[in-house]
Amino acid sequence: INSDAERTLTHEGQQEVELVARGLKKSGVRLDLLVSSPLVRANQTADIFADTFKVELKICRALAPGGNQDELFDFLKNQKAEAIALFGHE
């Protein structure tokens, strides 16, 4: 692995994300769309949520470190969803 951008979730991290996603779904949280940074760990986390919630996952480069918040807002304004979860860094 050459950079933080390429690091993957650990097995323990995957288990924790699965537990959180299932808990949120069980508690009644509704999601219409997931939007993730293109970086590996964020995308893996979002994939687990997509599998749990059975919703579409889109990638937005503006969620990567150093991304532009105006680009993110423009991206989100153009989505046809009310409940959107974002997966980024920090």
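Computed from a predicted structure; not experimentally measured. Numbers for residues simply follow the sequence, beginning at 1.
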Novice: Is Phe75 linked to Leu63 within one hydrophobic cluster, defined over Ile, Leu, Val, Met, Phe, Trp and Tyr using a side-chain heavy-atom separation of less than 4.5 Å?
Specialist: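 Both belong to a single hydrophobic cluster.
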
Novice: Which pairs count as side chain to side chain donor-acceptor pair (under 3.5 Å) when at least one residue sits in residues 59-77, sequence neighbours excluded?
Specialist: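 For residues 59-77, and leaving out neighbouring residues, the side chain to side chain donor-acceptor pair (under 3.5 Å) pairs sorted by first residue read Asp74-Lys77.
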
Novice: Give, for atom SG of Cys60 and atom CG of Leu86, the distance between the pair rounded to the nearest 0.5 Å.
Specialist: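 If we round to the nearest 0.5 Å, Cys60:SG and Leu86:CG are 8.5 Å apart.
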
Novice: If we ignore hydrogens and angles and just use 3.5 Å, is the side chain of Asp32 paired with the main-chain N or O of Ala83 as donor and acceptor?
Specialist: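 Looks like yes, one N/O pair under 3.5 Å.
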
Novice: Only pairs at least two apart or in different chains count here, so list each salt bridge (Lys or Arg N to Asp or Glu O under 4.0 Å) that has a residue in residues 45-58.
Specialist: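 Residue pairs passing salt bridge (Lys or Arg N to Asp or Glu O under 4.0 Å), neighbours aside: none found.
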
Novice: CG/Asn43 to OG1/Thr8 distance, rounded to the nearest 0.5 angstrom?
Specialist: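 With rounding to 0.5 Å, CG (Asn43) is 12.0 Å from OG1 (Thr8).
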
Novice: Could you work out, with side chain to side chain contact (heavy atoms under 4.5 Å, CB included) as the rule, every residue matching Glu12, not counting sequence neighbours?
Specialist: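 Glu12: side chain to side chain contact (heavy atoms under 4.5 Å, CB included) contacts with Thr10.
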
Novice: Strictly by side chain to side chain donor-acceptor pair (under 3.5 Å), give each pair with a member in residues 13-27 just once, sequence neighbours left out.
Specialist: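 Residue pairs passing side chain to side chain donor-acceptor pair (under 3.5 Å), neighbours aside: His11-Gln15.
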
Novice: Can you sort out the partners of Ser37 under side chain to side chain donor-acceptor pair (under 3.5 Å), two or more places apart, ordered by chain and number?
Specialist: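 Checked Ser37 against side chain to side chain donor-acceptor pair (under 3.5 Å); matches are His89.
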
Novice: By the rule that ILVMFWY residues connect when side-chain heavy atoms come within less than 4.5 angstrom, directly or transitively, which residues belong alongside Leu9?
Specialist: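 Its cluster mates, by chain and number, are Val17, Val20, Leu24, Val29, Leu31, Leu34, Ile48, Phe49, Phe53, Val55, Leu57, Phe87.
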
